[in-house]
Amino acid sequence: MNPGYLDSVKKQFKYYKMLADKTIAQIDNDNIFWQYNEESNSIAIIVKHLYGNLLSRWTDFLTTDGEKDWRDRDAEFENTNQSRKQLLAKWEEAWKCLFDAIDSITDEDLGRTIYIRNMGHTIMEAFNRSLAHTAYHIGQIVFIGKMIQNTDWHSLSIPKGDSKKFNEEKFSKPKHSEHFTDEFINKKKE
């Protein structure tokens, strides 16, 4: 149906997970629970929410609705006393569930209908919806991390003032095709 889509969407999810992981690694144990005010979310709250969302959406996704009856979405937004270790274990569990879901299907499955809150989505639409939702919240994690770290922040992309140098390096190479996340994912493995 759409050759290459599954590889592309998986790489994009991995890229956003990497951004969150690198942000969380910069934040100390106390600040992972920091909230700007009562109405805002901490990094820990966002991690809990993504855990609940990804686990609900991608557990038994071919046979059950993506909004599971065991999910307590409202509790995801409470700043509970969890250790960093517990929080990160849930984080990894949620991502494993998502990646297992991606790995469990083929390109031919992308047009199949699954349900989220009784609303039909093709599997491709459900992945796109999940990717957008996840990227939105990971952007928040990065923003909060930058606020907390202030001048101690280690850039996750092109540092301020380095755009010209970065572009010169890119344009010094011949035109080629690769997924935009390949260089980031490969750097992580080094």
Side-chain angles (χ1 to χ4, degrees), residues 9-61 64-102 114-119 121 125-162 181 184 188:
V9 79
K10 186 173 182 179
K11 285 179 178 183
Q12 289 185 56
F13 274 117
K14 283 184 174 186
Y15 171 74
Y16 284 108
K17 181 182 186 300
M18 179 203 64
L19 292 177
D21 288 343
K22 286 186 173 187
T23 298
I24 292 166
Q26 293 186 53
I27 308 302
D28 65 31
N29 290 341
D30 292 334
N31 279 323
I32 204 165
F33 299 97
W34 175 83
Q35 291 175 260
Y36 176 74
N37 60 34
E38 287 298 313
E39 290 301 311
S40 64
N41 294 323
S42 67
I43 289 173
I45 287 173
I46 297 168
V47 166
K48 279 177 50 183
H49 171 58
L50 286 174
Y51 163 78
N53 179 271
L54 291 173
L55 216 59
S56 182
R57 294 293 181 265
W58 300 110
T59 299
D60 302 325
F61 70 102
T64 63
D65 193 278
E67 186 64 20
K68 305 297 186 281
D69 57 4
W70 45 257
R71 182 181 182 200
D72 186 358
R73 186 181 180 280
D74 291 334
E76 295 166 14
F77 293 96
E78 296 170 8
N79 217 353
T80 56
N81 288 334
Q82 287 183 311
S83 72
R84 179 188 194 98
K85 185 177 179 179
Q86 291 169 318
L87 197 63
L88 294 180
K90 287 183 175 183
W91 177 250
E92 293 301 327
E93 179 185 354
W95 285 99
K96 181 180 181 330
C97 181
L98 167 70
F99 292 132
D100 286 350
I102 294 171
I114 61 173
Y115 292 88
I116 301 171
R117 295 187 180 108
N118 271 350
M119 182 183 296
H121 295 64
E125 290 170 332
F127 281 136
N128 290 343
R129 177 179 173 173
S130 188
L131 179 63
H133 177 255
T134 302
Y136 167 80
H137 285 300
I138 288 177
Q140 293 172 333
I141 289 172
V142 173
F143 180 73
I144 293 167
K146 288 176 81 169
M147 285 194 307
I148 291 168
Q149 290 302 97
N150 195 4
T151 58
D152 292 331
W153 175 253
H154 299 285
S155 178
L156 305 179
S157 61
I158 306 167
K160 284 184 182 181
D162 283 355
T181 65
F184 299 105
K188 183 181 177 187

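These numbers come from a predicted model, not from an experiment.
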R57 and R71, any side-chain heavy atoms less than 4.5 Å apart:
yes
Non-hydrogen side-chain atoms of K14 and M18 separated by less than 4.5 Å
no
At their closest point, which heavy atom of D65 faces which heavy atom of N118, and how far apart are they?
OD2-N, 2.8 Å
With rounding to the nearest 0.5 Å, note down the distance linking CH2 in W34 to CD1 in I45.
11.5 Å
Are any of the side-chain heavy atoms of I24 and I43 separated by less than 4.5 Å?
yes
Which heavy atom of Q26 sits nearest to which heavy atom of D152, and what is that distance?
OE1-O, 4.0 Å
If you draw a 6.0 Å radius around CZ in F13, do more than 12 non-hydrogen atoms from other residues or ligands fall strictly inside?
yes
Tell me whether K48 contacts the main-chain N or O of K90 through its side chain, where contact means a donor paired with an acceptor under 3.5 Å.
no
Straight-line distance of K17 NZ to T134 OG1, nearest 0.5 Å
12.0 Å
Should the pair F61 and F127 be assigned to parallel (<30°), tilted (30 to 60°) or perpendicular (>60°) ring geometry?
tilted
When rounded to the nearest 0.5 Å, the distance separating CD1 of I32 from CD1 of I141 is 8.5 Å
Between Q140 and N41, is any side-chain donor less than 3.5 angstrom from a side-chain acceptor?
no
Side-chain heavy-atom pair R129, I116 within 4.5 angstrom cut-off:
yes
When rounded to the nearest 0.5 angstrom, what is the spacing between OG in S157 and NZ in K22?
10.5 Å
Could you tell me if the side chain of I144 sits less than 4.5 Å from the side chain of I46, heavy atoms only?
yes
Would you check if C97 and L55 make a side-chain contact, meaning some heavy-atom pair closer than 4.5 Å?
yes
Determine whether a donor-acceptor pair (N or O, by modelled atom type, separation under 3.5 Å) exists between the side chain of N79 and the backbone of F33.
yes
When you compare the side chains of D21 and W91, does any donor N or O come within less than 3.5 Å of an acceptor on the partner?
yes
Main chain of W153, side chain of K146: is a donor-acceptor contact present, judged purely on distance under 3.5 Å?
no
Do any N or O atoms from the side chain of T23 and from the backbone of L19 form a donor-acceptor pair under 3.5 angstrom?
yes
If you measure from CZ on R84 to CG on L87, what distance do you get to the nearest 0.5 Å?
8.5 Å
Tell me whether M119 at atom CE has more than 12 heavy atoms from other residues, nucleotides or ligands lying less than 6.0 Å away.
no
When you compare the side chain of H137 with that of N53, does any pair of heavy atoms fall below 4.5 Å?
no
Check: D28 side chain, N31 main-chain N or O, donor-acceptor pair, under 3.5 Å
yes
Would you indicate whether the side-chain heavy atoms of D100 and W58 approach each other to under 4.5 Å?
no
Looking at F77, I want to see if its CZ is surrounded by more than 12 non-hydrogen atoms of other residues, nucleotides or ligands under 6.0 Å.
yes
When rounded to the nearest 0.5 Å, the distance separating NE2 of H49 from CG of D74 is 11.0 Å
Give a yes or no on whether the backbone of K68 and the side-chain of S56 come within a donor-acceptor separation of less than 3.5 Å.
yes
